[in-house]
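Please read the structure below before turning to the comments.
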Amino acid sequence: VGTMHTPLALPSAARVHLRGSPVRVPRGTRPPRPSRPRVRAEGKRPTAPSSSRPYPKACVIGGGWAGFGAAWQLLKHGFDVTLLDSSPDPGGLSAGWRTANGRAVEAGCKGFWRHYGNIDALAEELGISPFTPYTSSAFYSPKGKEVEAPVLGDLPRLPTPFGTLLYTSPYFTQLSVEDRISALPLALDLLKYDATKESYLEYDNKSARDVFLGDPTNGRLGASEALYAQFLAPILCALMFAPPEELSASAALDVLYSYVLAHQDDFDVRWCKGTIAEEIFTPWAVKMRATGGPDVVRGGRRVQTVELGEPGASARVAASAANGTSEIYDADVVVMATGVGAARGIIASSPELRECPDLAGIKDVPSTDVVAVRLFLDKPVRLPNVSNVFAGFALGGDDAAVNVAGTFFDLCRLHDEYAHVAADPTDDVRAVVEIDMYNAGAVLGLSDAELVDVALRDVLKGCVPGCVPSDVSVVDSSVLRFKGGVTKFAPGTASLLPKTRVGGLDNFFVAGDYVWQGPDSHGARGLSQEKALVSGLCAADAAAEWARKKTGRFDMSRGGKASVIRQTAPDEDHVAAAKAAARAVDELERSNPIARLIKETTTGGGSFPFPGAAGSPFPFPPPGFPFPPPPPGSTR
C-alpha cells in the first residue's frame with residue numbers, strides 16, 4: 001500500500017481528554033503575566049488607550065470557524081484579543097497539514113453553499129478568492145448511481161420547490177415518479193415544525209425517521225420506503241453525519257429546508273481550491289495578527305479551566321502549553337468556541353461553569369465519529385463528478401457498516417495544487433482522491449492500511465468501477481480519525497443546546513455549531529460552517545454589548561468597525577404566506593382547548609374523549625342540565 005504519513009499535530013476534536021487532570025493555579029499564587037510587546041505600524045490602531053480607561057480584553061477558546069469569527073469580530077469592536085487552541089495550527093475541523101512528503105491533507109473536504117453569505121463576505125474582506133465554481137454532485141448506492149444534482153442556479157428560476165423537483169427529475173435513475181411524489185406530505189412538516197418554539201421542540205423529540213415515514217395507522221402520510229432508504233436517509237447521513245433514526249426531526253428538517261427547499265439554488269455547492277486551512281485560515285490569521293498584534297492567535301494551548309470570579313473582576317483562563325507548562329490568561333470576557341467534546345471537558349473542570357444551569361445540557365449532547373482518508377494514486381483516475389455522496393455499502397465486509405455514509409472527491413479537478421499532477425514527470429502521483437466517512441464508528445477501529453483498502457476497494461471501485469484501473473496502487477496516503485469530533489443532533493437535543501448568552505454568567509459567551517437553533521435563530525443551521533461563523537460573530541457582538549453597558553469602565557474608542565451579520569435570504573412569498581398560516585394554526589391549537597383536542601386526536605395523540613366515556617373530562621349529561629326523564633323501560 002505504501003507508507004502512511006499521518007500528520008503529527010491532530011486537531012483538538014481528535015485529542016479531547018488525552019492529557020492529565022486540569023492544572024489550577026490558586027489566586028494567591030498567580031504568576032505574573034508575561035509582558036507582550038506590541039509593534040506600532042502604519043495604519044494600525046493604537047495599542048494604548050486614549051484615556052485612563054483600559055481597552056476590554058477577551059479570551060477566545062477554540063480555533064475553528066466559531067473561534068476565528070469571534071476573535072475577528074472582537075478585534076473590530078476594539079478588544080484586545082487572545083485566541084487559544086490546542087492544535088499548533090488552529091483551524092478546528094477545518095485544520096490542514098502537510099505529510100512528510102509535503103502533500104496537503106486536511107480533516108475532510110467541506111462544501112460552501114450559496115446561502116453562505118457571511119463566509120462570502122469574509123472572503124471579500126480578506127481579499128481572497130478561495131472557491132471553485134459551483135459543481136454538480138452524484139449520489140451512489142450499491143445499486144449504482146441513484147441521482148445527480150445539477151447546478152440549479154444556472155437554470156431558469158422557478159418558485160420553490162418546483163424548480164428543484166423539475167430540474168432534478170431526469171437525473172433519478174432508481175426511484176420511480178410515485179416514490180418521488182411521496183415526499184409531498186413532508187411539505188406540511190416543513191411549514192409547521194418551526195412555526196413556534198413549542199412546535200420546534202415537539203418535532204425535536206421525534207426522530208427524523210418517524211416523521212419522514214409517517215404513521216398510516218392514524219392517517220398521517222409519509223415518504224415511501226424506497227424514497228426514504230435510497231435518498232432521504234443517505235443524504236441526511238452525509239449532511240448531518242448520522243442516520244435519520246438517530247437524528248432529531250427538527251434538526252433534519254432544518255437541513256432539508258435550508259439546503260434543498262428554501263430556494264431553488266440552495267443546494268448548489270462549491271469547494272476550496274486547496275485546503276481550507278491554507279486558503280482561508282492562514283490569510284485570516286495574518287490579518288488578525290496585523291490588526292491585533294503577533295499574539296492574537298496562540299496555538300498549542302489546551303485550555304484546562306475557566307474562572308470568572310466576582311462581578312467586576314477579571315476572568316482567568318488556565319491553559320497548558322505544548323511544553324507542559326501552565327499559563328494564565330486574564331480577560332474581561334471569555335468566549336467558548338470549541339467543539340462539543342472539548343466544551344464538556346472545560347465545563348467539567350471549571351466549577352462556575354459546571355454549576356451553571358444553562359450549560360448543564362452540554363454534557364448530554366451526543367457526538368459522532370468521522371474518518372478522512374486521502375489517497376495519492378499511481379494511475380490517472382477521473383471521476384464522472386468531482387464531488388459525490390455514497391451510502392449503503394458494507395464497508396470492510398461488515399454489515400454493521402452499512403449505516404456509514406460519506407463523500408468522495410476528485411482533488412485533481414478541485415485543488416489547484418493537484419491540477420497538473422498527472423502530467424508532472426517528477427512526481428509518481430497521477431491522481432488524488434479524498435474519501436470521508438461519517439457516522440464512522442463501525443470502521444473507526446480499523447487500521448490505517450485497512451481504511452485505505454476500504455476507501456479504494458469498497459468506495460471508489462464500488463461506486464465508479466469503470467474509472468479506477470484494476471492495477472492502481474496507493475503511492476501515499478493520509479488517514480485521520482475524529483472520535484466524537486462532530487455534534488450529533490439526536491432526538492431531544494434542542495433543549496440541551498446553550499444560547500450565546502449564558503444566564504448567570506454575564507461575561508461568558510458560547511459559540512459553535514451546537515448553540516441553540518430554532519425559530520428565533522439565524523437561518524444557517526446544523527453542521528454548517530456558516531452557522532459556526534455566525535455563532536462566533538454573534539458571541540462577539542454580545543460581548544461588545546456587555547462591555548458598552550459597563551459605563552466608564554472600558555475605552556471603546558477603537559470599535560465601530562464590526563461586520564454586519566448577513567441573514568439568509570427571506571422565504572419566497574408563497575412559502576412565507578404558508579408558514580404564516582401554519583403559525584396561526586399552531587397558535588390556535590395551543591390556545592383553544594377544542595382545537596388542541598382535535599389535533600391530539602388526528603395526530604395519534606389519543607382517542608377522542610366522547611362525553612360520558614370513561615376518562616372523559618366531559619360528563620354526560622352535564623350536571624344540572626334539565627333533561628326530561630327517560631320513558632319507562634328505556635335504557636337511554
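Small disclaimer: the values here were computed from a predicted structure and weren't measured.
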Please walk me through it: do S141 and E146 pass side-chain hydrogen bond (donor to acceptor under 3.5 Å, both in side chains)? CA-CA 7 Å; S141 76; E146 294 278 354; 2.6 Å; yes
Show the numbers, then the answer: is there a side-chain hydrogen bond (donor to acceptor under 3.5 Å, both in side chains) between T487 and D513? CA-CA 7 Å; T487 306; D513 61 24; 2.9 Å; yes
Test item: T568 side-chain N/O and H115 main-chain N/O as donor-acceptor pair under 3.5 Å: no
Let me confirm one number: the CZ-OG distance from F139 to S387, rounded to the nearest 0.5 Å. 13.5 Å
Within the side chain of K110, is there an N or O that forms a donor-acceptor pair under 3.5 Å with the backbone of G108? yes
Just checking R457: does its CZ atom have more than 12 heavy atoms from other residues, nucleotides or ligands closer to it than 6.0 angstrom? yes
Does any non-hydrogen side-chain atom of E530 lie less than 4.5 Å from one of N118? yes
Side chains of S176 and D179, donor plus acceptor under 3.5 Å: yes
Search all heavy atoms of T275 against all heavy atoms of A104 and return the closest pair with its distance. CG2-CB, 3.8 Å
Whether W113 and F267 hold their rings parallel, tilted or perpendicular, with breakpoints at 30° and 60°: tilted
Would you compute the distance between atom CH2 of W65 and atom CG of L533 and round it to the nearest 0.5 angstrom? 6.5 Å
Go through the steps for K488 and D369 under the test salt bridge (Lys or Arg N to Asp or Glu O under 4.0 Å), then give the verdict. CA-CA 9 Å; K488 180 163 74 173; D369 309 321; over 6 Å; no
Regarding R481 and D448, does a basic nitrogen lie under 4.0 Å from an acidic carboxylate oxygen? yes
Regarding R103 and D427, does a basic nitrogen lie under 4.0 Å from an acidic carboxylate oxygen? yes
Between P150 and S136, which heavy-atom pair has the shortest distance, and what is it? CA-CB, 4.3 Å
Give a yes or no on whether the backbone of L175 and the side-chain of R180 come within a donor-acceptor separation of less than 3.5 Å. yes
Please find the pair of heavy atoms, one from A223 and one from L213, that lie closest to each other, and give the distance. O-CD2, 3.7 Å
Taken to the nearest 0.5 Å, the spacing of L155 CG from L166 CG works out to 9.0 Å
If I compare all heavy atoms of G63 with all of D85, which pair ends up nearest, and what's the gap? N-OD1, 2.7 Å
F112: which residues meet the ring-ring contact (aromatic ring centres under 6.0 Å, His included) condition with it, sequence neighbours left out? F131
Nearest atoms (heavy-atom pairs only) where C412 meets R430: SG-O, 4.4 Å
Take N101 and D476 through the test side-chain hydrogen bond (donor to acceptor under 3.5 Å, both in side chains) and record every step on the way to the result. CA-CA 9 Å; N101 292 330; D476 196 2; 3.1 Å; yes
Sidechain N-carboxylate O distance under 4.0 Å for E278, R98: yes
With ring pair (Phe, Tyr, Trp, His ring centres under 6.0 Å) as the criterion, how do Y257 and Y193 come out once you've worked through the C-alpha distance, each side chain's angles and the decisive distance to 0.1 Å? CA-CA 11 Å; Y257 186 79; Y193 82 99; 7.4 Å; no
Salt bridge between E434 and R374, side-chain N to carboxylate O under 4.0 Å? yes
Backbone of G512 reached by a side-chain donor or acceptor of S535 within 3.5 Å: yes
How many angstroms lie between atom CG of D410 and atom CG of L460, to the nearest 0.5 angstrom? 10.0 Å
Is the backbone of G406 close enough, under 3.5 Å, to the side chain of D436 for a donor and an acceptor to pair up by distance? no
D89 versus S87, side-chain donor and acceptor atoms under 3.5 Å: no
Residue pairs, two or more places apart or on separate chains, that pass ring-ring contact (aromatic ring centres under 6.0 Å, His included) and touch residues 419-469: F241-Y438
What pair of heavy atoms forms the shortest contact from Y116 to S528, and how long is it? OH-OG, 3.4 Å
Within the distance-only criterion (no hydrogens, no angle test), does the side chain of D266 pair as donor or acceptor with the backbone N or O of H263 below 3.5 angstrom? yes
Between Y200 and W516, does the ring centroid distance fall short of 6.0 Å? yes
Using modelled atom types only, decide if a donor and an acceptor are shared between the side chain of R525 and the backbone of K531 within a distance under 3.5 Å. no
Would you check if the side chain of N388 reaches a backbone N or O of F408 as a donor-acceptor pair within less than 3.5 Å? yes
Pairwise side-chain contact, R270 with R114, heavy-atom cut-off 4.5 Å (strictly under): no
Is the gap between the ring centers of Y514 and F489 under 6.0 Å? no
Checking R301 side chain against G299 main chain: does a donor-acceptor pair fall under 3.5 Å? yes
Rounded at 0.5 Å granularity, tell me how far CZ in F409 sits from CD1 in I435. 10.0 Å
Side-chain donor or acceptor of D378 paired with backbone N/O of S473 under 3.5 Å: yes
